[in-house]
Amino acid sequence: MLKVDVITLFPEMIENAVSYGVLGQALKSDRLAVATHSPREFAADRHKTVDDRPFGGGDGMIMLAETLEKTIQKVKHKNSKVIYMSPQGEVLTDEKARVLAKEEHLVLICGRYGGIDQRIINSYVDEEISIGDYVLSGGELGALVVVDALSRFIPGVLGHNESSDKDSFSEGSGGLLEHPNFTRPREFLGMAVPEVLLGGNHKLIGEWKDKVSALVTLVKRPDLFQAYLEKENEQYRLLKKKKKEAPLKELKKFWMNLSEQERQSLGLAALSEEDFNG
Ligand code: SAM
């Protein structure tokens, strides 16, 4: 069981959000536990003060070190990893979420206002994590993103039918984006579901989906596609698969064999021959 303690001035934000969907089920199944703790609990004065003006001036209030320290000390033990949600941290990735899911205990500190006293970061924080290069008004949304993303990697949280193995970015997908998905009806707004998906040949469907994933990644995330292609090329060289075509050439051939209608349905209409020039 992974235990997550979230330190926040707005506990309801966390408590409400984690009660839905996959996260809500994970909490009920005892594979994940999320609790909240407010520094206000440790504020000694009548006004329950948890922030003050920054020394040296500047915009915004800063969360006080002492009330934060007491809150951290309440929850932290020797196996805890203390994380400060911060725009200055390492940006969260799928891989990072996977690693965090293996921890025993996470303490997520959510800042507010202008942030928290640096001495808390120096003395208690093991890592700073950001959810992207923009500034939020508080760490709660970031903490929720972290908890949601990692929960998918806790064994048993996702049912077999919704496994994360082939999701975008996963090892199982080769680091690619997932292929497009379709459900009923077979035709919608003049776009038909690609024929192969209706045929029931699961081996063929699997191979087809892998190729389409690569094409979708080429269109949407050329950076990820390049990394994937380098790995594929390396393997191709090592295995000296002389009969098999080079990965990019093979993918181009697959794309050329797709009908205009299929390209349209798959959202690949913008792809052109030039995109396969390496
Ligand atoms: N003054 C800080 C700075 O410029 O680095 C930003 C403070 S921000 C207004 C308030 C709090 O929101 C931060 O203490 C942090 O906990 C959270 N936060 C803001 N942006 C974030 C991001 N991209 N990822 C994670 N947490 C973030």
Side-chain angles (χ1 to χ4, degrees), residues 2-18 20 22-23 32 34-43 47-76 80-103 105-154 168-169 221 223-224:
L2 168 60
K3 173 108 201 288
V4 184
D5 282 301
V6 184
I7 297 180
T8 168
L9 294 176
F10 298 103
E12 294 88 354
M13 263 184 90
I14 304 291
E15 285 154 14
N16 288 337
V18 297
Y20 297 97
V22 167
L23 266 181
L32 174 71
V34 177
T36 56
H37 310 272
S38 171
R40 277 196 211 287
E41 203 186 310
F42 298 99
H47 299 292
K48 299 270 172 217
T49 306
V50 287
D51 60 336
D52 208 340
R53 285 192 300 275
F55 280 120
D59 291 338
M61 302 291 269
I62 300 301
M63 284 176 73
L64 292 167
E66 284 165 334
T67 42
L68 268 175
E69 180 183 52
K70 287 189 177 120
T71 324
I72 295 168
Q73 281 170 343
K74 174 186 163 191
V75 293
K76 183 177 151 62
S80 308
K81 173 160 272 188
V82 180
I83 294 170
Y84 171 44
M85 299 311 307
S86 161
Q88 303 182 11
E90 175 188 342
V91 177
L92 183 70
T93 59
D94 195 66
E95 183 49 33
K96 184 71 193 176
R98 194 182 288 274
V99 170
L100 291 176
K102 297 198 179 99
E103 292 290 340
H105 182 219
L106 296 176
V107 178
L108 304 182
I109 304 172
C110 304
R112 277 275 155 180
Y113 320 120
I116 69 174
D117 191 302
Q118 178 64 32
R119 290 164 294 183
I120 288 293
I121 302 175
N122 301 345
S123 312
Y124 289 100
V125 170
D126 298 310
E127 276 184 47
E128 293 181 56
I129 293 186
S130 165
I131 61 160
D133 287 348
Y134 38 80
V135 176
L136 302 165
S137 52
E140 289 76 11
L141 290 174
L144 285 167
V145 168
V146 168
V147 173
D148 190 305
L150 68 79
S151 72
R152 301 172 58 78
F153 297 120
I154 299 173
S168 298
F169 314 111
R221 289 289 302 269
D223 57 326
L224 294 181

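Just so you know, ligand 1 is whichever comes first in the structure, and atom 1 is the first atom listed for that ligand. Not measured: the values here are computed from a predicted model.
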A.B. asks: As an exercise, state the distance from CD1 of Ile109 to CD1 of Ile7, rounded to the nearest 0.5 Å.
C.D. replies: 5.0 Å
A.B. asks: Please check: side-chain N/O of Ser38 versus main-chain N/O of Arg40, any donor-acceptor pairing under 3.5 Å?
C.D. replies: yes
A.B. asks: Just checking, is any N or O donor in the side chain of His105 or Lys81 under 3.5 Å from an acceptor N or O on the other one?
C.D. replies: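 Absent: no donor and acceptor within the cut-off.
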A.B. asks: If you take all heavy atoms of Leu32 and Ser151, which pair is closest and at what distance?
C.D. replies: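 Distance-wise, the nearest heavy atoms are CD2-CB, 4.1 Å.
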A.B. asks: Does Ile62 reach the side chain of Asp51, with side-chain heavy atoms less than 4.5 Å apart?
C.D. replies: no
A.B. asks: Ligand 1: which residues have a non-hydrogen atom closer than 4.0 Å?
C.D. replies: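 Ligand 1 pocket, heavy atoms under 4.0 Å: Tyr84, Met85, Ser86, Pro87, Gln88, Gly111, Tyr113, Gly114, Gly115, Ile129, Ser130, Ile131, Gly132, Tyr134, Val135, Leu136, Ser137, Gly138, Gly139.
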A.B. asks: Does one side chain, of Thr36 or Glu15, offer a donor that lies under 3.5 Å from an acceptor on the other?
C.D. replies: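 Note: Thr36 and Glu15 side chains meet the donor-acceptor criterion.
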